[in-house]
Amino acid sequence: MSAFLGTSPQVLAFLQDARERPEDDTPRLVLADYLEDHGDHERAEFLRLQCRLAAGTTPLDEVQRHEMEGTCERLLVRHGGGWLGPLWQWSASPMSWHRGLLALHLPRGYDLEGLIDILPWIDTALFVLHGRRGARRVADLMARSDINHLHLDLRSQSREDTL
């Protein structure tokens with residue numbers, strides 16, 4: 001996907017709608033149609049496949065599921081680094097795609113400014129909280145993004161007044 005498409009107002013609006021309705025595939029499929037119409041055929045295909053493979057959809061037979069999962073994997077091998085933007089550097093950090101949006105573990109010391117273009121694609125984030133600085137980073141992340149699910153892993157007990 002071109003940088004323009006990733007940050008265009010239309011794509012950002014579709015992503016916002018998808019995060020506001022996490023179990024409804026309609027916004028994701030509308031986004032896929034938009035991407036298709038604007039030349040990003042493979043990302044559109046990936047989104048559609050991810051929605052079709054998601055839990056709660058009409059069951060697939062084993063062969064269909066295997067073929068679709070294989071196509072998703074091939075698309076990620078070919079384009080995943082480009083779709084991840086600066087996140088490609090975090091290959092050691094757990095991350096996965098769920099229904100076309102990202103779920104990831106934010107490593108300690110991540111640079112929020114470097115993630116601005118990819119933030120709209122993040123649906124779920126896990127953050128290991130280490131004290132006051134970590135709390136500030138989480139607050140900044142939440143103020144600047146619309147992440148649906150934030151999982152905080154408290155590594156040590158912190159008193160409320162110290163945060």
Side-chain angles (χ1 to χ4, degrees), residues 1-107 110-127 138 140-153:
M1 175 190 312
S2 71
F4 168 75
L5 275 180
T7 58
S8 75
Q10 295 88 348
V11 169
L12 295 175
F14 294 137
L15 288 168
Q16 176 68 29
D17 196 20
R19 283 191 310 277
E20 288 175 0
R21 299 187 290 161
E23 297 306 318
D24 181 1
D25 285 334
T26 303
R28 287 169 171 81
L29 297 174
V30 170
L31 172 58
D33 290 345
Y34 178 86
L35 294 172
E36 181 88 30
D37 292 345
H38 289 83
D40 200 348
H41 308 284
E42 291 183 320
R43 183 110 190 217
E45 180 182 13
F46 180 75
L47 276 165
R48 290 183 185 113
L49 288 170
Q50 286 266 294
C51 289
R52 185 64 182 99
L53 289 165
T57 61
T58 306
L60 298 166
D61 67 44
E62 191 173 326
V63 173
Q64 286 177 309
R65 177 167 290 285
H66 182 72
E67 287 174 1
M68 288 180 173
E69 288 170 345
T71 301
C72 282
E73 185 62 33
R74 284 188 295 281
L75 288 168
L76 284 175
V77 166
R78 188 176 314 138
H79 301 287
W83 293 343
L84 289 174
L87 296 178
W88 72 268
Q89 301 171 61
W90 298 351
S91 60
S93 292
M95 64 180 75
S96 63
W97 296 89
H98 175 68
R99 296 172 64 233
L101 300 181
L102 275 169
L104 70 136
H105 174 236
L106 293 167
Y110 69 90
D111 173 24
L112 185 60
E113 291 303 318
L115 298 180
I116 295 302
D117 289 344
I118 197 72
L119 278 178
W121 291 90
I122 300 172
D123 181 60
T124 303
L126 168 68
F127 188 86
V138 168
D140 192 26
L141 173 70
M142 295 308 293
R144 298 176 76 179
S145 69
D146 291 315
I147 292 174
N148 267 340
H149 310 283
L150 178 67
H151 300 273
L152 296 177
D153 182 352

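Taking the salt bridge (Lys or Arg N to Asp or Glu O under 4.0 Å) definition, one finds that R78 meets it with E42, sequence neighbours left out. L29 meets the side chain to side chain contact (heavy atoms under 4.5 Å, CB included) test with D25, R48, C51; sequence neighbours excluded. Residues meeting the ring pair (Phe, Tyr, Trp, His ring centres under 6.0 Å) test with F46, sequence neighbours left out: W83, W97. Take D61 and apply the side chain to side chain contact (heavy atoms under 4.5 Å, CB included) test, not counting sequence neighbours, and it matches V63, Q64. The side chain to side chain contact (heavy atoms under 4.5 Å, CB included) check on M142 picks up V138, L150, with sequence neighbours excluded. In terms of the side chain to side chain contact (heavy atoms under 4.5 Å, CB included) criterion, residue partners of E73 (sequence neighbours excluded) are, by chain and number, V77.
Although no hydrogens or angles enter the test, the distance criterion places no donor-acceptor pair under 3.5 Å between the side chain of R144 and the main chain of E113. Between the side chain of H79 and the backbone N or O of L75, no donor-acceptor pair lies under 3.5 Å.
Closest heavy-atom contact between P59 and R52: O-NH2, 4.2 Å.
A 4.5 Å side-chain heavy-atom check between V11 and H38 finds every atom pair outside the cut-off. L115 places none of its side-chain heavy atoms less than 4.5 Å from the side chain of L141.
Other residues, nucleotides and ligands contribute at most 12 non-hydrogen atoms within 6.0 Å of the NE2 atom of H66.
Here the rule is side chain to side chain contact (heavy atoms under 4.5 Å, CB included) with L101, and of D123, L47, T124, L31 only D123 fits it.
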